Each structure stands twice: as C-alpha cells, then as structure tokens.
Q: 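Just passing along the structure, written as structure tokens.
None of these values were measured; they are calculated from a predicted model.
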Amino acid sequence: MSSVKVECVVKSGALIGEGPVWEESEGTLLFVDIVGQKIHRWNPLTNQIQSVDTGDTVGFAVPRQSGGYVAGVGRSIMAVDWSTGVVAPLVEVKEDKPTNRLNDGKVDSSGRLWTGTMAKDAWAAAMKPGSLFSVMSDLTVTKHLSQVGISNGMDWSLDQKTFFYIDSSSLTVDAFDYDSTTGHIGNRRVVYRMEEGEGLPDGMTMDAGGHLWVACYDGGRVIHIDPATGVRLQSISLPTMKTTSCCFGSLDYSDLYVTSASLGLDQSESRQQPLAGHTFKVTGLGVKGRPSHSFSG
C-alpha cells in the first residue's frame, strides 16, 4: 500500500474553513470561511486564492449549472457571480428561528440542493433548533427534518438509494433510504457511532468504493468508515484538532482535501497548531473520489 502523506496546501487562515468542492472544469478547489464570511477558490497550478465577500455567515458554496455558484448565506440561498463578486438572494429558508443560519450543503445526482440549519451560537445545539431542507431547481424549499442540533455532512451511496447525514450533536453518522426522483428520505438508522477521542463528526464525502470519509471536529483526524458494516477502516491524523470537512479532488480524484478551523483555539493551542484554519491535501490513500454535482436552479 502506498504511504499516506499530509501536506498543507492552502494557507488561508480561515476562522472556520468548510465545504470543500473540487471543480473539475476549472481544476480549482472551492471552499468557504463561515465566520470569515468569504468564499475562496484556490488554483493548485498557480497557488493563487481568489475570494468573494458574502456579507454574512456562509455555510457552503456549490457550482450552479447555469453558471456561477449558489451559497448558503445567513438563512438565504444566494446566487454568486464570481466575475463581478455580486451575491444576490434567490430564496430564504423560512424558519421561525431568526438566530439560525445555514450550515453545510451539497447537491444530489438530480441537481437538487440539500442544506441544513443550526443556531449561530453552537452552544444552543442541545436545544436542537435546526432543520434539514432541500431546494429544487424552481427554488421550492422542502423541510425534511426538524429537531436537528448541528446540520452537517451529507452524501449519497453509489446507487443513489441511501442518503448519509450527520447531525454533529448526535455523535453519529446516519443513513436514510433515499428516492432520488422525489427526494424523499426515510428509515433513519445509525451506521457509525463516534468513539472516545474522535471528536464531533463534521463534513464528509464518499469515495468511489462506497466508503465514507468523515472529518472529526476537535478530533484532529479524518476517519474512513464502511457504512455497510459500521467499521472504521482507517484514521488519518492532521496537524490541527478542528478538522471540518473533506472532498476528493485533483485530476483523477485521488487526493483528499481537508479544511480546518482556527476559531475557538486559545493562545496555547494556537501556538501548538500553527496550521489551524488552513486546508490540507492527503495523498497516497489508494482510493478515488467522485465528481460533485451542480445545482440545477
């Protein structure tokens, strides 16, 4: 087996780096700084970072089939014109909780956008104020779950019949039966329960072999799990404790990109973790990922 290597590649110093998406057409890595209120795009060939200010917390940004991006800004889905830097509202996620914000988001194989909410103050997660929504191409918003603590990572099985989802506050990775035509989810069950020292499950991605890779917030690692058996197959340590999300990318999707956060570290921790808030590339894993989907709206 090839040797695993972890390298710091994007020195963005994010407060909360999140939501990495590899853009195959551009050969770039898209990610956000939630609290820094920025969408970043990194080009590995030039090592240049371009950024757009969002003016409010930004939970995710994903490519849009009609061009540009859509992003979860505050509680609204916004259109992002990268060439002009203009961020314009498309639709607001209606909730009776003004202190909530959108968090992680991802697009399914039908071009449907999925995103969830959480309280702006993460300490309120125990009250489970969040929800999980989907957004269709006509901007119709559907609520699928309520009583969510911290809506986070999501992905779909290779056959598109299972939806994997993380509510970080539950310390589990869950699975649902999934209908890709209607977007209906049901039959929720736990496929992995976090172990001592692994921290909180955060963002995740699925590889081309049907296994999940889960970033562990306050765990300083990404874990590789088999959702069919609930077995942890591998644990990749990173030089910062607040690992937040991951995606596969590069030319053949063989590299795993991992975002991280620096917010919440005290002075001592910051000295011990000088790379906190940067983005890392993990090579030598011996697996490949899958291309992401673009929002059809």
Side-chain angles (χ1 to χ4, degrees), residues 1-12 17-32 39-50 60-65 67 69 82 104-111 153-164 173 180 202-216 221-228 232-239 243-260 275 278-296:
M1 181 173 174
S2 54
S3 60
V4 175
K5 179 184 175 184
V6 177
E7 177 186 4
C8 178
V9 291
V10 191
K11 296 184 177 179
S12 58
E18 259 285 7
V21 179
W22 180 258
E23 295 185 90
E24 185 173 322
S25 61
E26 303 289 333
T28 52
L29 184 73
L30 190 74
F31 65 100
V32 302
I39 303 170
H40 296 300
R41 192 168 71 176
W42 172 68
N43 186 322
L45 294 180
T46 63
N47 198 30
Q48 296 297 306
I49 304 174
Q50 297 176 319
F60 68 87
V62 294
R64 191 180 185 189
Q65 288 180 15
Y69 306 97
W82 196 263
D104 210 347
K106 193 167 281 189
V107 180
D108 69 14
S109 61
S110 300
M154 57 192 87
D155 213 334
W156 292 266
S157 61
L158 304 182
D159 63 7
Q160 304 299 313
K161 292 182 178 179
T162 305
F163 172 59
F164 297 101
V173 179
S180 61
D202 202 332
M204 70 174 163
T205 191
M206 173 165 277
D207 65 30
H211 294 150
L212 293 169
W213 297 77
V214 181
C216 302
R221 70 195 77 180
V222 174
I223 56 173
H224 177 201
I225 62 177
D226 182 350
R232 184 186 67 235
L233 304 172
Q234 194 175 6
S235 183
I236 309 296
S237 296
L238 284 103
T243 43
T244 55
S245 191
C246 55
C247 78
F248 284 94
S250 300
L251 287 177
D252 58 356
Y253 289 92
S254 61
D255 298 335
L256 184 71
Y257 290 95
V258 185
T259 50
S260 71
L275 300 181
H278 296 342
T279 299
F280 304 87
K281 181 173 74 171
V282 185
T283 55
L285 291 171
V287 299
K288 294 182 179 181
R290 306 177 295 171
S292 62
H293 301 290
S294 299
F295 177 52
S296 59

Q: Quiz question: by atom type and distance under 3.5 Å, do the side chains of T28 and E23 form a donor-acceptor pair?
A: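 A pair is found: one side chain offers a donor N or O, the other an acceptor, under 3.5 Å apart.
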
Q: Could you tell me if T259 and S245 have a donor-acceptor pair between their side chains, going purely by distance under 3.5 Å?
A: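 Short answer, no.
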
Q: Could you state the interatomic distance from OG (S109) to CG (L158), rounded to the nearest 0.5 Å?
A: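 That separation rounds to 11.5 Å.
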
Q: If you measure from CD on E24 to CG on L251, what distance do you get to the nearest 0.5 Å?
A: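 That separation rounds to 9.0 Å.
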
Q: Identify the two heavy atoms, one from S260 and one from F280, that lie closest to each other, and give their separation to 0.1 Å.
A: OG-CE1, 3.8 Å

Q: For D207 and H224: C-alpha separation, side-chain torsions, deciding distance, then whether side-chain contact (heavy atoms from CB on, under 4.5 Å) applies.
A: CA-CA 10 Å; D207 65 30; H224 177 201; 3.7 Å; yes

Q: To check you understand the geometry: which heavy-atom pair defines the closest contact between V62 and G105, and what is its length?
A: CG1-O, 4.3 Å

Q: Pick from V222, L233, V258: which one makes a side chain to side chain contact (heavy atoms under 4.5 Å, CB included) with W213?
A: V222

Q: Give a yes or no on whether the backbone of K161 and the side-chain of S157 come within a donor-acceptor separation of less than 3.5 Å.
A: yes

Q: Do C216 and I223 touch side chain to side chain, with heavy atoms closer than 4.5 Å?
A: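 They are in contact (side-chain heavy atoms under 4.5 Å apart), so the answer is yes.
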
Q: Taking C-beta and beyond as the side chain, do L256 and T205 meet within less than 4.5 Å on heavy atoms?
A: yes

Q: Kindly write out the residues that satisfy salt bridge (Lys or Arg N to Asp or Glu O under 4.0 Å) with D155, not counting sequence neighbours, or none if the list is empty.
A: K106, R290

Q: Output the distance between atom CD1 (I225) and atom OG (S235), rounded to the nearest 0.5 Å.
A: 11.5 Å

Q: Write down the atom of S110, the atom of S296, and the distance for their closest heavy-atom approach.
A: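 Residues S110 and S296, closest heavy atoms: O-OG, 4.2 Å.
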
Q: Do V287 and H211 have side chains that get closer than 4.5 Å, going by heavy atoms?
A: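 No. Closest side-chain heavy atoms not under 4.5 Å.
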
Q: CE of M154 to CE of M204: how many Å apart, nearest 0.5 Å?
A: 8.0 Å

Q: Using the side-chain hydrogen bond (donor to acceptor under 3.5 Å, both in side chains) criterion, which residues pair with W42? Sequence neighbours excluded.
A: N47

Q: Going through the distances and angles, do D108 and F163 end up as a side-chain contact (heavy atoms from CB on, under 4.5 Å)?
A: CA-CA 9 Å; D108 69 14; F163 172 59; over 6 Å; no

Q: Would you name the heavy atoms of S292 and V21 that are closest together and state the gap between them?
A: OG-CG1, 3.5 Å

Q: Determine the minimum heavy-atom distance between Y69 and R41, stating which atoms define it.
A: OH-NH1, 2.8 Å

Q: Nearest 0.5 angstrom please: C8 SG to H278 NE2, how far?
A: 5.0 Å

Q: Please answer whether the main-chain N or O of V32 pairs with a side-chain N or O of E18 as donor and acceptor at a distance below 3.5 Å.
A: no

Q: Going from OG1 on T162 to CE on M206, what distance comes out if it is rounded to the nearest 0.5 angstrom?
A: 8.0 Å

Q: Could you check if a side-chain atom of T243 sits within less than 4.5 angstrom of a side-chain atom of D202, using non-hydrogen atoms only?
A: no

Q: Does the side chain of Q234 reach to within under 4.5 Å of the side chain of L285, using non-hydrogen atoms?
A: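 Sidechains of L285 and Q234: in contact.
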
Q: Where do G27 and P44 come nearest, in terms of heavy atoms and distance?
A: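 Answer, listing the atom of G27 first, then P44: O-CD, 3.1 Å.
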
Q: side-chain contact (heavy atoms from CB on, under 4.5 Å), that's the test. Do I236 and R221 meet it? Break it down for me.
A: CA-CA 5 Å; I236 309 296; R221 70 195 77 180; 5.9 Å; no

Q: Assess the residue pair W22 and D255 against the criterion (side-chain contact (heavy atoms from CB on, under 4.5 Å)); give the C-alpha distance rounded to whole Å, side-chain angles, the decisive distance to 0.1 Å, and a yes or no.
A: CA-CA 10 Å; W22 180 258; D255 298 335; over 6 Å; no

